[in-house]
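What follows is a short report on a single structure.
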Amino acid sequence: MKTRIVKLVFPAVAIVLAIAGAFAGTKSVQNDGALTDKVGWIEISPTQCVQTEVECSTVFDELMCKDASNNELRDGDGNGCPLPLYRKVQ
């Protein structure tokens with residue numbers, strides 16, 4: 001009788017603990033605009049970039065961030081712009 005109860009209760013307890021652990025271990029993702037928004041740069045050469053006034057995002061999207069002239073914008077600092085930027089989702 002005792003083993004029968006253990007055989008029924010143990011799997012249920014294991015499932016409840018697994019579900020509770022999954023939710024307790026999941027970090028909440030919050031879209032913080034201050035960390036994800038960047039002003040786009042146009043790459044002139046591998047070592048030179050020019051800043052635009054177009055706001056882009058670092059959050060991956062299928063569409064690249066582009067200016068009115070259809071130039072792909074990148075994240076940079078004037079000495080280079082190695083990282084791609086993506087279209088800002090409103």
Side-chain angles (χ1 to χ4, degrees):
M1 177 78 176
K2 208 178 212 185
T3 58
R4 186 174 181 197
I5 293 173
V6 171
K7 286 181 181 180
L8 292 174
V9 173
F10 184 71
V13 170
I15 290 172
V16 169
L17 287 175
I19 292 172
F23 285 110
T26 304
K27 183 179 177 184
S28 174
V29 177
Q30 191 173 13
N31 189 358
D32 187 2
L35 299 176
T36 60
D37 292 349
K38 299 275 185 172
V39 175
W41 293 71
I42 298 173
E43 186 173 39
I44 305 299
S45 71
T47 58
Q48 185 181 12
C49 296
V50 177
Q51 188 174 13
T52 67
E53 294 192 19
V54 178
E55 283 195 31
C56 303
S57 175
T58 58
V59 178
F60 178 78
D61 185 33
E62 292 180 6
L63 299 174
M64 298 293 293
C65 188
K66 296 184 179 187
D67 64 3
S69 300
N70 210 27
N71 295 314
E72 284 189 2
L73 302 178
R74 304 181 71 76
D75 186 12
D77 62 3
N79 295 324
C81 41
L83 302 174
L85 288 175
Y86 305 100
R87 178 186 64 165
K88 186 174 175 181
V89 178
Q90 299 298 337

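What you see is a predicted model, and the numbers here were worked out from it, not measured in a lab.
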Exercise. Give every residue pair that meets the salt bridge (charged side-chain N to carboxylate O under 4.0 Å, His left out) criterion with at least one member in residues 77-87, sequence neighbours excluded.
Key: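 Applying salt bridge (charged side-chain N to carboxylate O under 4.0 Å, His left out) to every pair that reaches into residues 77-87, excluding sequence neighbours, yields D61-R87.
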Quiz item: Can any side-chain N or O of W41 pair as donor or acceptor with the backbone N or O of C81 at less than 3.5 Å?
Solution: no
Quiz item: Is there a donor-acceptor pair closer than 3.5 Å between any side-chain N or O of T36 and the backbone N or O of V59?
Solution: no
Rounded to the nearest 0.5 Å, what separation is found between the [atom1] atom of [X] and the [atom2] atom of [Y]?
X	Y	atom1	atom2	value
K88	T58	NZ	OG1	11.0 Å
C56	M64	SG	CE	9.0 Å
E72	I42	CD	CD1	11.5 Å

Indicate the atoms forming the closest heavy-atom contact of [X] with [Y], along with that distance.
X	Y	value
L85	V39	CD1-O, 4.0 Å
K66	L73	C-CD1, 4.0 Å
G80	C49	C-SG, 3.4 Å

Practice problem: Can you sort out the partners of P82 under side-chain contact (heavy atoms from CB on, under 4.5 Å), two or more places apart, ordered by chain and number? | Solution: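 side-chain contact (heavy atoms from CB on, under 4.5 Å) check on P82 returns nothing, list empty.
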